[in-house]
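This report concerns only the one structure given below.
Here the structure is a predicted model, which is why all the values come from computation and not from measurement. Residue numbering restarts at 1 for every chain, and letters A, B, ... go by the order of the sequence lines.
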Protein chains: 2
Amino acid sequence: MLSMEFQLTQTEENYLKSIYSLEISNSKNVSTTMLAKKMKTKASSVTDMIKKLADKDLVDYEKYKGVSLTNLGKTNAVKIVRKHRLWEVFLVNKLDYNWDEVHEIAEQLEHIKSISLIDRLDKYLEFPTHDPHGDPIPDKDGNIEHHKNVMLSSIQIGDSCVVIGVKDSSSSFLKFLDNSNIRLGSAIKINSIEDFDNSMNIESNNISFSISNQISKNLFVKKS
Amino acid sequence: MLSMEFQLTQTEENYLKSIYSLEISNSKNVSTTMLAKKMKTKASSVTDMIKKLADKDLVDYEKYKGVSLTNLGKTNAVKIVRKHRLWEVFLVNKLDYNWDEVHEIAEQLEHIKSISLIDRLDKYLEFPTHDPHGDPIPDKDGNIEHHKNVMLSSIQIGDSCVVIGVKDSSSSFLKFLDNSNIRLGSAIKINSIEDFDNSMNIESNNISFSISNQISKNLFVKKS
DNA sequence: CATTATTTTTAGACAAGTTTAAATTTTTAT
DNA sequence: ATAAAAATTTAAACTTGTCTAAAAATAATG
Ligand SMILES: [Mn+2]
Ligand SMILES: [Mn+2]
Ligand SMILES: [Mn+2]
Ligand SMILES: [Mn+2]
């Protein structure tokens, strides 16, 4: 109703997106320090920005108690997530980028302002439901699938599953997966789990090999 | 050889692009006032920015004498022009935008920083030579075709020509052309020219009609 | 509970880009 | 050539987002 069509700066958008993702993984209020680490800035800068976001009714903020997104803030955060993920799909599907190369560029593209652009891109890409890392893409109205986030590390010995996403999207992790021939859709069977370090011996593409707990905790899977 | 890989801000890039286009249409040094009008800012702001660009060796500047791009400045300006025009091609050819809708969006997209992105886009678009408004697209190495810019207003009675570009890219002008069924590639024959106001009676698509001198001065053509 | 340790906020400062108002310089006109 | 007009630059101030250093509040430890 009172959709004041106010413009967000790139920085404000990045803060909202960070708060959004921290809220999802932490459930409780987002602390100044957590945000500072995520935004690679100082706690004092975060405090200043939080006040500004609170003034614009994008976050609820009480001194020393951290922040949480308001409905307005969440709506905006989801819009940016949608843009980010659709641009990633474009870069991988159309421009032949590898999935480990697109994050930085999408980080910039997500801030392009246009009422029509992202929906046209969505159509052009034939309405993809997930980005190259398996993350769900919010629809035009901001609806987003919340997958249960089953980690490979929680799968039992003898069970099989399919890789549906990565938690860590760092280039080094994705390149490791490339080298191990693990990609979205890959079937994995758990042969054994080492008591000492929780490393797993798995079978994928008819090849057996070991992966550390670090690895298995960053792969999202679906039992099959 | 001393390619100092220094980052330009969006604002600096926009200034360079404006200076570049003003240099082309004016030949002599670009004045503070001209730049201020083009950048929709104040002369005092321009003076400040000019000093910064001069410090970075992007422009030659002498107080009260205006600016001109250095080789370094021109190289950078052409890079931004290349990005702008390739993104415009993408928006029109792939996302089905009309040629009057793309300028604002390309104005933002031209600032995306990536070493590989624009060359991949170029390839994806199959190396277009001109943007949707008929402007030449600089190649990877910064080479750019300099068309002679023959205006329709300079064509003689009885002669025929083909529209190859527009000088004014404003939405209102482009929409007028759409309504008159004039587009890039349209053949035009000059039937007569009115002495009083230099309006032209032309024939296009087997239809005869009049256009003002304002219109004919903003259409680039090639004699046929 | 009292005392550290940690987190968070405040205060003051800085860089980028902008504005208005005043001072200079250049150009134009008489 | 002198005076008026126009263009340009300088000065001072404002905004956004950042930082460091110091103060205040909260959390952790004995
Ligand atoms: Mn971003
Ligand atoms: Mn992603
Ligand atoms: Mn621009
Ligand atoms: Mn164009």
Side-chain angles (χ1 to χ4, degrees), chain A residues 4 6-19 22-23 26-69 73 76-77 80 107-108 110-111 113, chain B residues 4 6-19 22-23 26-69 73 76-77 80 107-108 110-111 113:
Chain A
M4 282 293 292
F6 62 136
Q7 287 277 35
L8 298 175
T9 65
Q10 287 206 185
T11 310
E12 288 170 335
E13 289 188 340
N14 285 334
Y15 269 93
L16 288 182
K17 202 165 54 117
S18 291
I19 297 169
L22 289 171
E23 268 189 349
N26 283 50
S27 71
K28 48 194 167 207
N29 271 15
V30 175
S31 75
T32 303
T33 313
M34 276 163 60
L35 243 185
K37 183 180 285 183
K38 183 111 184 171
M39 293 293 301
K40 291 177 180 167
T41 185
K42 298 296 153 68
S44 53
S45 307
V46 170
T47 303
D48 283 350
M49 177 55 79
I50 279 173
K51 285 180 190 162
K52 193 157 40 136
L53 295 176
D55 282 345
K56 297 188 178 183
D57 281 315
L58 293 159
V59 298
D60 287 321
Y61 170 55
E62 220 182 321
K63 264 193 192 179
Y64 297 101
K65 300 269 174 74
V67 284
S68 61
L69 292 174
N76 278 283
I80 306 157
E107 201 58 46
Q108 300 173 62
E110 70 191 359
H111 303 293
K113 259 84 176 173
Chain B
M4 282 292 291
F6 62 137
Q7 287 277 34
L8 298 176
T9 65
Q10 287 205 187
T11 310
E12 289 171 333
E13 289 188 339
N14 285 334
Y15 269 93
L16 288 181
K17 203 165 55 116
S18 290
I19 297 169
L22 289 171
E23 269 189 348
N26 283 50
S27 71
K28 47 193 169 212
N29 271 15
V30 175
S31 74
T32 303
T33 313
M34 275 163 59
L35 244 185
K37 184 178 286 182
K38 183 111 183 170
M39 292 295 299
K40 291 178 181 168
T41 184
K42 297 296 153 67
S44 52
S45 308
V46 170
T47 303
D48 282 350
M49 177 55 80
I50 279 172
K51 286 180 189 162
K52 192 159 38 137
L53 295 176
D55 282 346
K56 296 188 178 182
D57 280 315
L58 293 159
V59 298
D60 288 320
Y61 170 56
E62 220 181 319
K63 262 193 195 178
Y64 296 99
K65 301 269 174 75
V67 285
S68 61
L69 292 174
N76 279 283
I80 305 157
E107 201 58 45
Q108 300 173 62
E110 71 191 358
H111 303 293
K113 259 83 176 175

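Across C/dT18, C/dT10, C/dT19, the shortest atom-to-atom separation from the side chain of B/Y15 is found for C/dT18. Considering only side-chain atoms of A/A43, the nucleotide from C/dT9, C/dT20, D/dT18 that sits closest is C/dT9. Proximity note for A/Y61 (side chain, C-beta onward) versus C/dT18, C/dT9, C/dA21: the nearest is C/dT9. Nearest nucleotide to the side chain of B/T9, out of C/dT9, D/dT10, C/dA16: C/dA16.
Between B/E62 and A/E12, the residue whose closest nucleotide on DNA chain D is further toward the 5' end is B/E62.
Taking A/K38 as the reference, A/S21 meet the side chain to side chain donor-acceptor pair (under 3.5 Å) condition, with sequence neighbours excluded. B/Q10 meets the side chain to side chain donor-acceptor pair (under 3.5 Å) test with no other residue; sequence neighbours excluded. Listed by chain and residue number, nothing satisfies the side chain to side chain donor-acceptor pair (under 3.5 Å) test with B/S44 (two or more places apart in sequence, or in another chain). Residues satisfying the side chain to side chain donor-acceptor pair (under 3.5 Å) criterion with B/K113, sequence neighbours excluded, are B/E13.
When the P atom of D/dA6 is taken as reference, atom NZ of B/K37 falls 14 Å away, rounded to whole Å. Note: CG (B/N14) to P (C/dA16) measures 17 Å, nearest angstrom. Rounded to whole Å, the distance from NZ on B/K28 to P on C/dT27 is 12 Å. Atom CG of A/L35 is separated from atom P of D/dT18 by 11 Å (rounded to the nearest Å). Rounding to whole angstrom units, CG of residue A/L53 and C1' of D/dT16 are separated by 13 Å. If you take CD of B/Q7 and C1' of C/dA15, they are 17 Å apart, rounded to a whole angstrom. Between A/D48 atom CG and D/dC19 atom C1' the separation is 10 Å, expressed in whole Å. Atoms CD (A/E13) and C1' (D/dT16) sit 15 Å apart, rounded to a whole Å.
Across all strands shown, A/K51 has heavy atoms under 4.0 Å from sugar-phosphate atoms exclusively, and none from any base. Among the heavy atoms of the strands lying under 4.0 Å from A/S45 is at least one base atom, whether or not backbone atoms are also near.
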Heavy-atom protein contacts under 4.0 Å, nucleotides 22-27 of chain D, coded B base, S sugar-phosphate only, - none: ---SS-

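Between B/E110 and B/E107, the closest heavy-atom pair is OE2-OE2, 2.7 Å.
The base of D/dT9 lies outside donor-acceptor range of the side chain of B/T32, with no N or O pair under 3.5 Å.
A 4.5 Å side-chain heavy-atom check between A/E23 and A/N29 finds every atom pair outside the cut-off.
Between the CG atom in A/N26 and the CE atom in A/M34 there is a gap of 3.5 Å [rounded to 0.5 Å].
Put simply, B/T41 has a side-chain N or O that comes within less than 4.0 Å of OP1 or OP2 on C/dT19. OP1 or OP2 of C/dT20 sits under 4.0 Å from a side-chain N or O of B/K42.
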Return a table of donor-acceptor pairs under 3.5 angstrom between the side chains of residues 53-69 of chain B and protein atoms on other chains or two or more places apart.
residue	atom	partner	partner atom	Å
B/K56	NZ	B/E12	OE1	3.3
B/K56	NZ	B/E12	OE2	2.8

